Amino acid sequence: MKQEKATVLEHHNFQGEYRILRLAAPSIGSLVKPGQFIHLQIPQLGDRILRRPFSIYKADAEGVSILYKPVGRGTESMTPLTPGSLVDIIGPLGNGYPEAGKGKLPVLVAGGYGNAALYLKAKQLKTKGVAFFGGRTAEDILCVEEFKELGWDVRPTTNDGSLGIEGLVTDAFDPWLQEQDIPALELFVCGPNPMLKAMGDRAIEHGFTAWLSMDENMACGVGACLTCVIKRKTDDGWEWARCCKDGPVFESREIIWEE
Amino acid sequence: MKQEKATVLEHHNFQGEYRILRLAAPSIGSLVKPGQFIHLQIPQLGDRILRRPFSIYKADAEGVSILYKPVGRGTESMTPLTPGSLVDIIGPLGNGYPEAGKGKLPVLVAGGYGNAALYLKAKQLKTKGVAFFGGRTAEDILCVEEFKELGWDVRPTTNDGSLGIEGLVTDAFDPWLQEQDIPALELFVCGPNPMLKAMGDRAIEHGFTAWLSMDENMACGVGACLTCVIKRKTDDGWEWARCCKDGPVFESREIIWEE
Amino acid sequence: MSVDLKIKIGSMEMKNPVTVASGTFGYGPEYADLVDLNRLGAITVKGISPEEHIGNPTPRTFETRGGMLNAIGLPGPGAQGFIEKYVPFLKQYDVPVIVNIWGKGMEDYGTVVEMLDAEDTVSAYEINLSCPNVKEGGSAFGTDTDSFSRVVELVRGKTQKPIIPKLAPNVSDIGAFAKAAENCGADAIAIMNSYPAMAINIDTLKPELANRSGGLSGPAIKPIAIKLVWDVAKATKLPIIGMGGIFEPEDAIEFMIAGATSVAVGTANFVDPTTVGRVIDGIEKYLVEKGHRSVADIIGTVKA
Amino acid sequence: MSVDLKIKIGSMEMKNPVTVASGTFGYGPEYADLVDLNRLGAITVKGISPEEHIGNPTPRTFETRGGMLNAIGLPGPGAQGFIEKYVPFLKQYDVPVIVNIWGKGMEDYGTVVEMLDAEDTVSAYEINLSCPNVKEGGSAFGTDTDSFSRVVELVRGKTQKPIIPKLAPNVSDIGAFAKAAENCGADAIAIMNSYPAMAINIDTLKPELANRSGGLSGPAIKPIAIKLVWDVAKATKLPIIGMGGIFEPEDAIEFMIAGATSVAVGTANFVDPTTVGRVIDGIEKYLVEKGHRSVADIIGTVKA
Ligand SMILES: Cc1cc2nc3c(=O)[nH]c(=O)nc-3n(C[C@H](O)[C@H](O)[C@H](O)COP(=O)(O)OP(=O)(O)OC[C@H]3O[C@@H](n4cnc5c(N)ncnc54)[C@H](O)[C@@H]3O)c2cc1C
Ligand SMILES: Cc1cc2nc3c(=O)[nH]c(=O)nc-3n(C[C@H](O)[C@H](O)[C@H](O)COP(=O)(O)OP(=O)(O)OC[C@H]3O[C@@H](n4cnc5c(N)ncnc54)[C@H](O)[C@@H]3O)c2cc1C
Ligand SMILES: Cc1cc2nc3c(=O)[nH]c(=O)nc-3n(C[C@H](O)[C@H](O)[C@H](O)COP(=O)(O)O)c2cc1C
Ligand SMILES: Cc1cc2nc3c(=O)[nH]c(=O)nc-3n(C[C@H](O)[C@H](O)[C@H](O)COP(=O)(O)O)c2cc1C
Ligand code: FES
Ligand code: FES
């Protein structure tokens, strides 16, 4: 974990409402494992003070890139950043995704910025399996070509049918699941909470492994404030686990979902 | 008094550290009297919330211009403003300078942004008298050429002698005063408090009129909060007068100076 | 479908829930060029005492992160001066006037009401028991339930018009004061006044305010005010005038959901005089969007 | 010429006046990658009670204008868990450790000290009598001088180490609590805890915190904290650990001029972990520039 004043190298529209922000951050870039994130202090956030976490889309010795969508105060005040401006970031943070199990068929399931969060994992995995990407429209499904180039069998679904199957990720995933050697499946999931829950439920019901990257509001990002906790099963009940430090990636069976 | 979302027309260095900000503000521009000011809400001021007052340098049917120097949080966060950006302003505010008395010889005394604050008055006055401008260095003495073009006899003084007489405004003013028909003099003064006080004292000591534009911290700018008050003499003692509403211009004899 | 914005504070009817916070809007004329006074639910004027009062030396305000400090010290023309200087102006408008009253001693609270009560223009009294900036009276009365009750009872005895004690925020159990106000016949509760606070210049070692300490107001204190309104709403059935950092319509709506019947815009007037108008429009828009008929539908609806 | 940054809180020596605010720095390891723990004057750890405690449901924090709300609810490993999990780590460093203690009932305050006192790593106790976020105990003890005194006396009876009651800010007369602490043998006073506050989501009508209300911290509250430190400094000779919105060195210096011997950086750790280091450097730089020899030269020097 390092803190670095990163220089903006690139910042422009990526696809639809999503923007890409590339940062020069050598000390952080070189440490990144797939599924980790950075905690970014947003200049121009005015009287709002907290950092915002962003999954690392790409990383190398030079720095890191993130994909984000302006949805609220923080992300909207990021849009004026121009090449040359400095942003203070902390990272890499979180546990990231584990190594794939021996002889497993890796499956990616993602929505929104989840695609970005899974890109490094998709690259790292030796076996390239199937990638189920869901979104409202074609615009919301990021990096399809990149995943294909890596050798993944990409199966998009969109609510409006503008790309791939019309419907939710599960509408593509469930029928596909029937024809699989289920115990051999290993899912890597990152997306909105309903998608995470849906995949977690299936993992438990059908008995396969699913690594879920949880999205919780964060304050410190380093495990100190106990803001980002979720309930994790223990032998004799449950304990709080911090998404920023013990996560954000948990196996479906560890998680106790809140109603 | 009007409130207007003004578009930045021009914003660049003017001289030395001073910058000029020209704003499209038709409803305000057309109402301006010399010596009045606008109350400007600074975007990018982050978690500082109050407006900042600025004397009106120039005004016409199209809008207003101000000259300012980045000295603190507010003025520094104005520097990123670019043509096209919107700033919310209230104005014109304050009483401004009165009409010159019949048969009087008008004299301008200014320092810093005071020169800007006196420009419209200098233009309006039929008789063009002498203008004493003081500053640290030549760079701090604004608009000398403009005042000359209007027909004013400009007498600059600088602490370092880089322009005009070396010393304070008073070093130029006092000797000059000896040769004048003193009761006929009418001073219009705008500058740092010591300059205002020095001229006020002389006005009372020698018996001439001096209109002083007072610089006090302000909150509301319209007379509601009672932040910007100074002590004004009354028949039976004194009362508070609001610089933003009853001022900023007061005649030297009205003012009770705080130690 | 249009919604009903009308509310009542005791016998005082307001065409909408939005007033201004005492001391942030002068006596009415100051903002008349920029704000259509007839649009306001009520005008609350700066604190008035029986006699003319000079207030504190300067500096009187200081900007802080997310707010400001003030120690104006309640300068004012006194009751007679108010009647002569400002009542004729306020008469011209079709808007109720709430007069914020204070005193150096307990009797003053009665005296100032006696001096003002004959004026029809005066619609209600907000009893300032919480000014952090005057040595005499002020918050002293606001932090002890006994003297608090005595002041409220005294004022109650002097007028039929609605009386609205304004509570001091710096107490452990605000509910006790709300209950006391209710028992003494108050018609509503105003919460909160600016919070006792201070800033020091590290170069001069002098406090940034001549009065040394002052009151903190603005967005910084909104979460404190929301909590106090919620606490008061649980303690009493009296209508609440909520204030503290209202800058946007959403802030005002948050106060109403917490339990406020009426809201007051204060420091925001200095920052943007259009705030009161935007807040009135924003409340109406919210009610329409959520399918409500009247403001009553949202008051105190917090799910807590 | 170098300056002396050393201070003492009772018998505890600190190499500089800067510590961290309990609950904003975990138990030590969390920031060890980013902050050189040996540079700190002291490490103050998150609140510890005798037993393990689960804390509040989520959401536990919420961002506000100029600050944040928290209602973490004091989850923690309990005294035994703290000794096993964190003491071995903390032992490695040459920095005093202040343990923030709390209890559901009065006895707990004694019990937790009994459990911890044998550990040399534990240098002092900060008695949390002001947590706005636990039903039991917490601020209940902090807003009534009698129970407050009983807790402080109880703890005093259990240890020779410095004890530092942390006062609740939401009282009318903070000085009374400071005096009570002094009379009960406290070694210092910590002020302030986060301020009881609340935020409500106007779409869901639900409080933004699962605990409904929480504590406000950050730059928004600094002027309130400065006033409280000044009040406490006037009421007692005890050293004060000042906190509340310290984000820049200037903020810390302002607290010291107001009367604080030590300062704690809290919410700022979340925003910028370099804050503690910058504050230490900034205090030294200020002392040098002003020609002072030691921090003692500026403590309580406000001209008020
Ligand atoms: C581990 C992690 C990785 C993330 N990676 C990315 C990424 O790669 N790209 C990206 O665009 N965003 C990502 N996010 C979300 C991002 O951090 C911002 O929180 C989110 O975009 C909203 O922040 P904001 O300030 O714009 O909106 P705010 O104004 O803070 O909030 C807008 C709305 O979103 C809600 N909200 C804020 N933060 C979150 C959150 N973390 N989760 C759910 N709701 C929230 C708020 O409560 C509010 O209702 C990630 C979050 C986490 C926890
Ligand atoms: C009637 C009037 C007209 C003005 N006209 C101009 C103008 O034409 N051009 C221009 O550059 N400035 C002008 N000023 C000053 C300007 O309004 C700003 O207040 C000043 O530039 C500092 O603001 P800031 O936010 O940059 O500094 P801040 O960060 O607010 O303050 C920096 C330092 O300056 C002090 N300060 C802030 N405001 C004032 C003030 N009004 N007077 C004295 N000290 C202050 C602060 O206390 C602090 O010590 C005028 C002020 C008044 C009252
Ligand atoms: C400059 C100023 C003057 C004030 N004067 C008074 C007053 O005379 N009487 C009073 O009861 N409250 C007074 N207040 C407090 C406000 O009425 C209000 O309670 C407080 O500012 C919180 O609201 P806000 O955050 O919206 O400003 C004053 C506040 C400010 C900022
Ligand atoms: C997330 C969080 C957790 C906290 N936990 C504790 C705690 O366990 N014990 C305690 O006495 N104070 C706790 N506090 C209060 C802080 O120690 C401090 O008193 C307060 O935040 C004011 O300082 P600040 O504005 O610098 O944060 C906590 C504050 C925050 C923001
Ligand atoms: S965000 Fe602070 S512990 Fe996770
Ligand atoms: S600034 Fe408010 S009265 Fe002058």
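Here is the naming used below: chain letters follow the sequence lines, and residue numbers restart at 1 for every chain. In this text the structure is predicted, and so the values were computed from the model without any measurement.
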Q: Quick one: do D/Trp230 and C/Arg212 satisfy side chain to side chain contact (heavy atoms under 4.5 Å, CB included)? Show the steps, please.
A: CA-CA 10 Å; D/Trp230 184 58; C/Arg212 300 185 300 175; 3.9 Å; yes
Q: Between D/Arg65, D/Lys290, D/Glu250, D/Glu208, which has the largest tally of heavy atom pairs under 4.5 Å with chain C?
A: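 Ranked by contacts with chain C, first place is D/Arg65.
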Q: Could you check which of D/Asp231, D/Asp203, D/Leu69 has the highest count of heavy-atom pairs closer than 4.5 Å to chain C?
A: D/Asp203
Q: So, for C/Ala304 and D/Met198, which heavy atoms are closest and what is the spacing to 0.1 Å?
A: CB-CE, 4.4 Å
Q: So for atom NZ, which belongs to D/Lys234, do other residues, nucleotides or ligands contribute more than 12 heavy atoms lying within a distance under 6.0 Å?
A: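 For D/Lys234, atom NZ is crowded (more than 12 foreign heavy atoms under 6.0 Å).
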Q: Check whether D/Phe255 gets within reach of chain C through its side chain, its backbone, both or neither, counting any heavy atom under 4.5 Å.
A: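 For D/Phe255, neither part sits under 4.5 Å from chain C.
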Q: Heavy-atom pairs under 4.5 Å with chain D are the metric here; pick the option from C/Thr64, C/Asn201, C/Ile202 that has the most.
A: C/Ile202
Q: A side-chain contact here means heavy atoms from C-beta on lying under 4.5 Å apart; do C/Thr301 and D/Leu205 qualify?
A: yes
Q: Do you know which of D/Ile221, D/Ile253, D/Ile298 has the most heavy-atom pairs under 4.5 Å to chain C?
A: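 Going by pairs under 4.5 Å, I would pick D/Ile253.
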Q: Do you know which of C/Ile224, C/Ile226, C/Ile257 has the most heavy-atom pairs under 4.5 Å to chain D?
A: C/Ile224
Q: What part of D/Phe62 gets closer than 4.5 Å to chain C, counting heavy atoms only: side chain, backbone, both or neither?
A: neither
Q: Distance from D/Asp173 atom CG to C/Asn170 atom CG, nearest 0.5 Å?
A: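 One gets 10.0 Å once the value is rounded to the nearest 0.5 Å.
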